[in-house]
Every structure is written in structure tokens, then in C-alpha cells.
2 protein chains.
Amino acid sequence: MPDAETPARADALRNRELLIKVARHAVAELGLGVSVNEIVRRAGLGQATFYRRFASREELLSAVLGDVLDEVLDGLRQAAEADPAQGLRDALRLLVEHQARHRGLFELLNDHPGAAAEVHADSQARVREQLRRIGERAQEAGAMHPDARWQDLPFLAGSLAATSPSCLGIDADDNLTDRLLGTVLAGLRTGTARV
Amino acid sequence: MPDAETPARADALRNRELLIKVARHAVAELGLGVSVNEIVRRAGLGQATFYRRFASREELLSAVLGDVLDEVLDGLRQAAEADPAQGLRDALRLLVEHQARHRGLFELLNDHPGAAAEVHADSQARVREQLRRIGERAQEAGAMHPDARWQDLPFLAGSLAATSPSCLGIDADDNLTDRLLGTVLAGLRTGTARV
DNA sequence: TTGCAAACGGAGAGGGGTTCTCCGTTTTAT
DNA sequence: ATAAAACGGAGAACCCCTCTCCGTTTGCAA
């Protein structure tokens with residue numbers, strides 16, 4: 001446990017940064033369930049070092065997820081300023097790609113078991129807020145049918161992201177996500193078909 | 001291990017059926033990772049009884065998944081005979097609903113870690129075969145744009161199913177899956193938007 | 001009714017994993 | 001040089017898993 005008064009030692013600071021960097025990749029790859037063991041193994045450090053820098057596993061996860069959420073939020077804010085049709089495209093694509101590349105983010109945004117929903121609830125609320133703006137602008141511009149709901153956008157993005165990691169099966173198809181995204185965008189513009 | 005010659009005892013048969021029935025529900029709820037422990041606990045039996053009826057955990061899982069796949073296959077065959085537009089609808093809805101209600105099936109069809117892809121590979125191939133037929137018929141009838149691919153249908157279904165279990169978050173929304181399905185069907189008819 | 005094979009449940013072996021701590025050693029910075 | 005702080009590895013204490021052993025109970029046929 002670091003003494004709040006004395007200035008931290010150089011190696012301590014270095015290792016803290018290293019752990020955050022490594023954890024970012026590990027959470028992206030393995031999800032929120034990643035173990036401290038795995039993180040310190042990748043960092044080439046001991047477990048005790050981890051617990052000297054962070055109070056718990058959750059504290060580090062929270063830090064990592066905060067960073068990623070901020071990144072997403074920045075992108076969405078830009079999409080909300082852009083041309084409405086393009087902004088909708090960009091927003092969906094951003095959400096899909098980030099979630100497809102970052103399993104931890106996917107698990108957090110889709111309430112997977114093991115993800116504490118209240119972690120960064122504020123940032124998650126801001127994500128929804130931006131999506132509402134993006135959806136409403138797209139509807140006004142005719143890029144999204146009035147019947148479609150902005151509330152469904154995160155679900156659609158999560159849906160598409162869910163398939164990305166599992167493309168291994170039938171064919172190694174790089175454009176799968178692009179095609180599915182195109183299909184969904186077309187559906188959003190046209191409006192839902194009666195089922 | 002049962003003696004192949006002597007007729008099985010009534011209680012042994014009863015317990016075998018019970019284990020299969022309970023496992024079906026457990027796999028639907030908890031996925032392929034469900035433990036023998038959990039199954040026998042739900043069945044009110046001992047673990048030894050389980051291993052006297054089945055050679056391994058995998059043997060029971062395989063039996064359960066075979067049944068579910070057969071069910072799906074039956075439904076798809078019907079959809080492949082119906083009106084092409086309706087058949088596409090029915091097929092997607094069937095796949096989504098079955099996967100949404102049966103986590104084990106979802107994990108198998110979407111190559112989740114822990115799912116042996118080769119389990120019932122024959123049935124899985126037949127599923128794809130029916131989907132090809134359904135997709136091609138829909139395209140001929142104009143219910144699916146020529147640019148859309150039948151190969152993407154299982155991914156779309158898996159995508160939508162993936163969100164269903166996690167509707168807890170924003171609002172308890174019973175029609176979410178219906179709406180997303182409608183959006184996807186509209187997109188399939190219209191053809192993919194450039195991304 | 002009785003006898004015995006078969007089925008039974010629970011305990012536990014043996015494996016894996018996890019989070020987090022203790023302690024003897026090394027590094028840093030004065 | 002010295003002392004405080006950081007270090008790594010071992011391990012405590014817990015959880016869960018698959019699968020087996022063994023003493024007891026049950027079903028069935030003579």
C-alpha cells in the first residue's frame with residue numbers, strides 16, 4: 001500500500017502503468033473475467049506487486065473500462081455532430097467495432113453475467129444519451145424510419161458485435177460484420193417489416 | 001455400467017429419462033458449461049447414478065443437443081416448403097427464438113469456447129443446407145435482395161438471439177426481439193446499404 | 001418370502017482455478 | 001551506506017470441477 005505522503009518510487013510508478021496497459025489488452029481479449037494471475041503473468045510481475053498498486057481486481061477493471069468508455073463516448077459525440085445519415089452509420093460502426101474488439105466492453109454494455117452493471121453507470125447513460133441524439137437526427141433526415149427506435153441501437157450494435165469474434169466457423173470472412181451492418185442500416189432506413 | 005445382456009431395472013431406466021429431461025432444461029438455461037453436479041442436484045440424484053447411466057458429461061450433452069437440433073431442423077424443413085417470404089421470416093424467427101431460449105444451442109451454433117464444433121456436425125450441416133434453400137427461394141421471390149447472402153442468415157439469427165437474454169438492462173422489453181427481427185428482415189429485402 | 005445382483009447416495013480423491021497475504025530479497029533514493 | 005519501499009514467489013484459504021469407491025437400499029425372480 002503506497003504512503004500518500006511520500007513521493008512514489010520510480011519503479012512503482014512504472015509497474016502501475018505497465019499493469020494498466022497490460023490489463024487493457026487482457027480485458028479486451030479475455031473479457032471481464034480475466035484473472036489477476038493472467039494479468040501479472042503477462043506483465044512479468046508478481047501478484048503481490050499487483051495488490052500493492054491496486055486495492056483489488058475490480059479497481060483495475062474499473063480503471064480500464066473507464067478509459068474505453070471515454071473513447072467510445074468521444075466517437076459518439078463526433079458522430080452526433082456529423083451529417084445525420086453518416087453519423088448513424090459511424091455510430092453503429094463505432095459501437096460494433098469497439099465491442100467486437102473489446103470483449104470486456106461488450107460484456108459491460110450487454111449486461112453479461114459477471115459484469116457489474118453499475119460500473120460507470122454515468123458513462124453508460126451518456127452513451128445512451130448520444131445515441132438518442134444520433135437516432136433522432138437520423139429520423140429527421142430520413143435516414144432512419146420513424147418506426148425504428150433509437151433505444152434499439154445499442155442492442156443492434158451488440159448483436160452484430162456478438163458474431164464478430166465467432167467468425168471462425170463457416171468461413172474466415174473479413175467482411176461479415178460490414179455486410180451485417182449494411183443489412184441493419186438498410187432495415188433501419190426502410191422501417192421494420194411486419195413479423 | 002449397465003450389463004448389455006440383462007434387462008435394465010425399472011428404477012435405472014426411470015432415472016436415465018429423468019436425467020435427460022433435467023439436463024435439457026439445465027443446458028437451455030446454463031449453457032454447455034453446465035456441470036454434472038448441477039444436473040444431479042436438480043434431479044435429486046447422486047453423482048454416481050449419473051456416471052452409471054452415462055459414460056461422461058459429454059455423452060449426455062450430445063444426446064440433449066441432438067434432440068434440440070432435430071427440432072430446429074424440422075422447423076426449418078417446414079419453412080423451406082412454405083411461401084418463400086413467409087418461410088424466410090419463419091426460419092429466422094425459429095432460429096432466433098430457439099437460440100434465445102436455449103443457451104446450449106446458441107453456444108453450439110456460434111462456436112462458443114467450450115462447444116465442440118464437431119458435435120452433431122452432420123445436423124449442423126443440414127441446418128445450413130435448409131437455410132441455403134430458404135434463402136435462395138426468398139431471393140427468387142423478391143423477399144431477399146440478390147446482394148444479401150444466405151450464408152449470413154445464421155449469423156444474423158445468432159446476433160439477434162445474443163441480445164435476447166440480456167434485455168434486463170434498459171427496459172424489460174418483450175418485443176425487442178420482434179422489432180430487431182423486423183429491422184433485419186427489412187434490410188434483407190432492401191439489400192445492404194453501402195457502409 | 002427370500003436372496004442377490006443391480007442401483008443407489010454421499011464422501012472423497014485428485015485435479016484445476018481463483019483472490020489475496022506473508023516473508024525473505026532486491027532495488028531505489030537519499 | 002543505509003533504510004524505506006518495492007519486489008517475486010510461495011502458499012493459505014477458498015471455490016468448483018469430473019469421476020470413483022464403498023457401504024446401504026431396492027427391485028425382481030425363483
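These figures come from a predicted structure and were not determined experimentally.
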Student: Got more than 12 heavy atoms from elsewhere within 6.0 Å of CD, B:Q78?
Tutor: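 Result for CD/B:Q78: open.
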Student: Kindly give the atom pairs (protein nitrogen or oxygen, nucleotide nitrogen or oxygen) under 3.5 Å for nucleotides 13-15 of chain C.
Tutor:
none

Student: Could you check if a side-chain atom of A:F54 sits within less than 4.5 angstrom of a side-chain atom of A:I20, using non-hydrogen atoms only?
Tutor: yes
Student: Looking at residues at least two apart in the chain, or sitting in another chain, which of them share a side-chain contact (heavy atoms from CB on, under 4.5 Å) with A:A28?
Tutor: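 Here the qualifying residues are A:H102.
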Student: Determine which pairs satisfy salt bridge (charged side-chain N to carboxylate O under 4.0 Å, His left out) with at least one residue from residues 11-22 of chain A, sequence neighbours left out, and list them in order.
Tutor: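 Residue pairs passing salt bridge (charged side-chain N to carboxylate O under 4.0 Å, His left out), neighbours aside: A:R9-A:D11.
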Student: Got A:I134 and A:W150 here, is their nearest side-chain heavy-atom distance under 4.5 Å?
Tutor: no
Student: Taking only residues two or more places apart in sequence or in another chain, which ones pass salt bridge (charged side-chain N to carboxylate O under 4.0 Å, His left out) with B:R103?
Tutor: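 Once residues adjacent in sequence are excluded, the partners of B:R103 under the salt bridge (charged side-chain N to carboxylate O under 4.0 Å, His left out) criterion are B:E107.
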Student: For residues A:R133 and A:E129, determine if any side-chain heavy atom of one lies less than 4.5 Å from a side-chain heavy atom of the other.
Tutor: no
Student: Can you pull out the residues from residues 54-65 of chain A that lie within a 4.0 Å heavy-atom distance of DNA chain C?
Tutor: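 By residue number: A:S56, A:R57.
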Student: To the nearest Å, give me how far apart CG (B:N37) and C1' (D:dC15) are.
Tutor: 12 Å
Student: Going by the rule side-chain contact (heavy atoms from CB on, under 4.5 Å), which residues pair with A:A48 if we only count those two or more places apart in sequence or in a different chain?
Tutor: A:R52
Student: List, with names and distances, any nitrogen or oxygen atoms from the protein found under 3.5 Å away from nitrogen or oxygen atoms belonging to nucleotides 26-28 of chain C.
Tutor:
{"residue": "C:dT27", "atom": "O2", "partner": "A:R9", "partner atom": "NH1", "Å": "3.1"}
{"residue": "C:dT27", "atom": "O2", "partner": "A:R9", "partner atom": "NH2", "Å": "3.2"}

Student: Would you mind classifying the nucleic acid contact of B:G44 as base, sugar-phosphate or nothing, using non-hydrogen atoms under 4.0 angstrom?
Tutor: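 Here B:G44 touches the backbone only, sparing every base.
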Student: Any pair with a residue in residues 32-43 of chain B that passes side chain to side chain donor-acceptor pair (under 3.5 Å), sequence neighbours left out, goes on the list, sorted by first then second residue, please.
Tutor: B:E29-B:R42, B:N37-B:Q47, B:E38-B:R41, B:E38-B:R42
Student: What is the distance, rounded to the nearest whole Å, between atom CZ of B:R16 and atom P of C:dA6?
Tutor: 18 Å
Student: Please determine whether a side-chain nitrogen or oxygen atom of B:R53 lies at a distance below 4.0 Å from atom OP1 or OP2 of C:dA7.
Tutor: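 Yes, because at least one side-chain N or O of B:R53 sits under 4.0 Å from OP1 or OP2 of C:dA7.
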Student: Expressed in angstrom and rounded to an integer, what is the separation of A:L13 atom CG from C:dA29 atom P?
Tutor: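 Roughly 10 Å, once rounded to whole Å.
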Student: Would you please name every residue forming a salt bridge (charged side-chain N to carboxylate O under 4.0 Å, His left out) with B:E136, sequence neighbours left out?
Tutor: B:R132
Student: So if I define the base as every atom that isn't primed, P, OP1 or OP2, how would nucleotides 9-14 of chain D read as a B/S/- string at a heavy-atom cutoff under 4.0 Å?
Tutor: B-B---
Student: Using atom CD of A:E38 as one end and atom C1' of C:dT18 as the other, report the distance to the nearest whole Å.
Tutor: 13 Å
Student: Could you tell me how far apart A:Y51 (OH) and C:dC22 (P) are, to the nearest whole angstrom?
Tutor: 14 Å
Student: Pairs under 3.5 angstrom only: tabulate donor-acceptor contacts from the side chains of residues 59-76 of chain A to other protein residues two or more places apart or in another chain.
Tutor:
{"residue": "A:E59", "atom": "OE1", "partner": "A:A55", "partner atom": "N", "Å": "3.3"}
{"residue": "A:S62", "atom": "OG", "partner": "A:H120", "partner atom": "NE2", "Å": "3.2"}
{"residue": "A:D67", "atom": "OD2", "partner": "A:R24", "partner atom": "NH1", "Å": "3.2"}
{"residue": "A:E71", "atom": "OE2", "partner": "A:H98", "partner atom": "NE2", "Å": "3.4"}

Student: Send over the distance from A:F50 CZ to D:dA6 P, rounded to a whole Å.
Tutor: 16 Å
Student: Could you tell me if the side chain of A:L180 sits less than 4.5 Å from the side chain of A:V184, heavy atoms only?
Tutor: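 SC-SC contact between A:V184 and A:L180 ruled out.
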Student: Can you list the residues that meet the side-chain contact (heavy atoms from CB on, under 4.5 Å) rule with A:A138, with sequence neighbours excluded?
Tutor: A:L88, A:A143, A:M144
